[in-house]
Amino acid sequence: MWDPAQYQHFGDERSRPFFDLLGRIGAQAPGAVADLGCGPGTLTAALTRRWPKAEVLGIDSSAEMIEAARALPAQPRLRFELGDVREWEPEGPVDVIVSNAVLQWVPDHLGVLARWAAFLTAGGWLAVQVPANFDQPSHAALRDLAASARWRDLLAGVQLNRQAADPARYVDVLARAGFEVDAWETTYLHVLHGDDPVLDWYKGTGLRPVIAALPPDQAGEFLAAYRARMSEAYPAAPYGTVFPFRRVFAVAVRR
């Protein structure tokens, strides 16, 4: 389902929340670091630069993403494995778990988050970022089109991505698990370039289940309808197209 090249089309914009998340992790010299939902691995590799003595593991359920990650220049302390983050268990003690823009695809993601928290050592860190733009035109149009008479039968059972909880929910879940928690939200105002930049953005993420479920001609028809809505909702300015994107963050340390 996933296309690593399309996903990385807006690599700078997609990576900014990751580095904002990483900057709030206070771990000094972790031995084991896991990136759950690592995608094409380029950001996972950044973890080896932050903690050069750590063993860093990237996990993703997409064979295409893991193939792209394994094609990166080899590093002795970096490896990637195909796996479902809902079922993942570490082979030994883990000191840092990072998950960037993954939990929106996971049913009962708060329960999964609590499960991950239980794997961390004393003093271990858990850091997650989840998109929270469910009420914005980019996501509302996707839901409306998928539920319309033209598409609802063809897309019955196709799971679109979910969204973040409010920051307070992450505080509650992780504080009850014995963590000190820092949670916040940010809306990024990305200025995108190109003829149909919001369509191109979602072709790398939220539209992937639709593209995978439909034959090419019907997928093209769906994308054309989505393109028209995005052009109206996000009009281009002379300097580019402003694309607001809200995200929720939580960083927690076990005390």
Restricting to non-hydrogen atoms, name the atom on P40 and the atom on L72 that form the minimum distance, rounded to 0.1 Å. O-CD1, 3.7 Å
Pair D196, Y226: side-chain N/O donor-acceptor within cut-off below 3.5 Å: no
Checking D84 against S61: is there a side-chain donor and acceptor pair closer than 3.5 Å? no
Is there a side-chain contact between P30 and W51 (heavy atoms, below 4.5 Å)? yes
State, to 0.1 Å, how close A132 and V248 come at their nearest heavy-atom pair, and which atoms those are. CB-CG2, 3.8 Å
Can we call the ring centroids of F10 and H193 under 6.0 Å apart? no
When you group the ILVMFWY residues by side-chain heavy-atom contacts below 4.5 Å and let the links chain together, are L57 and V94 in the same group? yes
Flag the pair H190 / V242 as yes when at least one side-chain heavy-atom distance between them is below 4.5 Å, and no otherwise. no
Is there a side-chain contact between Y188 and F243 (heavy atoms, below 4.5 Å)? no
Salt-bridge contact R176-D172 (side-chain N to carboxylate O under 4.0 Å): yes
Step through the shown structure and confirm whether more than 12 heavy atoms of other residues, nucleotides or ligands are within 6.0 Å of CG on D195. no
Closest non-hydrogen contact found for P17 with Q129 is CB-NE2, 3.7 Å
To the nearest 0.5 Å, tell me how far L43 CG sits from C38 SG. 10.0 Å
Is the F245 ring parallel, tilted or perpendicular to the W201 ring (thresholds 30°, 60°)? tilted
Common cluster, V173/V106, ILVMFWY with side-chain heavy-atom separation under 4.5 Å: yes
When rounded to the nearest 0.5 Å, the distance separating CZ of R169 from CG of L174 is 10.5 Å
For a 4.5 angstrom cut-off between non-hydrogen side-chain atoms, does R50 reach L22? yes
What's the spacing between H139 NE2 and N133 CG if we round to 0.5 Å? 6.0 Å
If only side-chain N and O atoms count, and only distance matters, is there a donor-acceptor pair under 3.5 Å linking S62 with E64? yes
I'd like to know if R246 pairs up with E185 as an ion pair, taking the criterion as any Lys NZ or Arg NE/NH1/NH2 lying under 4.0 Å from an Asp or Glu carboxylate oxygen. yes
To the nearest 0.5 Å, what is the distance between CG on D95 and CD on Q28? 12.5 Å
Heavy atoms only: give me the nearest Y170-A165 pair and the separation to one decimal. OH-N, 2.9 Å
Would you say that W116 contacts V85 through its side chain, given a criterion of any heavy-atom pair below 4.5 Å between the two side chains? yes
If you round to the nearest 0.5 Å, how far is CE of M230 from OH of Y202? 8.0 Å
Below 4.5 Å, heavy atoms only, C-beta onward: do V130 and N100 meet side chain to side chain? no
Under 3.5 Å donor-acceptor, D60 side chain and G39 backbone: yes
Full working for side-chain contact (heavy atoms from CB on, under 4.5 Å) between R229 and L145: CA-CA 10 Å; R229 294 203 183 193; L145 283 170; 3.9 Å; yes
Mind listing the closest non-hydrogen atom pair of P52 and R77 along with its distance? O-CD, 3.4 Å
Using a 4.5 Å cut-off on heavy atoms from C-beta on, say whether the side chain of V251 contacts that of L21. yes
Is it the case that the side chain of T186 and the backbone of R247 share a donor-acceptor pair, with hydrogens and angles ignored and the cut-off at 3.5 Å? no
Kindly work out whether a path of hydrophobic side-chain contacts (I/L/V/M/F/W/Y, heavy atoms less than 4.5 Å apart) joins I25 to I97. no
Are side-chain heavy atoms of P209 and L155 found at a separation under 4.5 Å? no
Do F19 and L47 share a hydrophobic cluster, counting only Ile, Leu, Val, Met, Phe, Trp and Tyr and linking them when any side-chain heavy atoms are less than 4.5 Å apart? yes
Does F134 have R143 sitting over its ring (NZ/CZ under 6.0 Å from centre, angle to axis within 45°)? yes
Once you round to the nearest 0.5 Å, how far does CG of L103 lie from CG of L113? 6.0 Å
SB check E221 R150 (cutoff 4.0 Å): yes
Is I66 linked to V98 within one hydrophobic cluster, defined over Ile, Leu, Val, Met, Phe, Trp and Tyr using a side-chain heavy-atom separation of less than 4.5 Å? yes
List the steps and the verdict of side-chain contact (heavy atoms from CB on, under 4.5 Å) for F222 and L214. CA-CA 9 Å; F222 189 101; L214 296 175; 4.1 Å; yes
Per the side-chain contact (heavy atoms from CB on, under 4.5 Å) rule, which among V253, V96, L126 passes with L120? L126
Cation-pi check for W88 against R115: NZ or CZ below 6.0 Å from the six-membered ring centre and within 45 degrees of the axis, yes or no? no
Ignoring hydrogens and geometry beyond distance, is a side-chain donor-acceptor pair present between Q104 and N161 at under 3.5 Å? no
Evaluate side-chain contact (heavy atoms from CB on, under 4.5 Å) for K203 paired with L199, printing each intermediate quantity in order. CA-CA 6 Å; K203 282 169 64 178; L199 171 66; 3.8 Å; yes
Pick one: which of K53, E55, Q75 meets side chain to side chain donor-acceptor pair (under 3.5 Å) with T48? Q75
Scanning both residues in full, the closest heavy-atom pair of A177 with R254 reads O-NH1, 3.6 Å
List the steps and the verdict of side-chain contact (heavy atoms from CB on, under 4.5 Å) for Q159 and W105. CA-CA 9 Å; Q159 183 60 65; W105 295 103; 5.9 Å; no
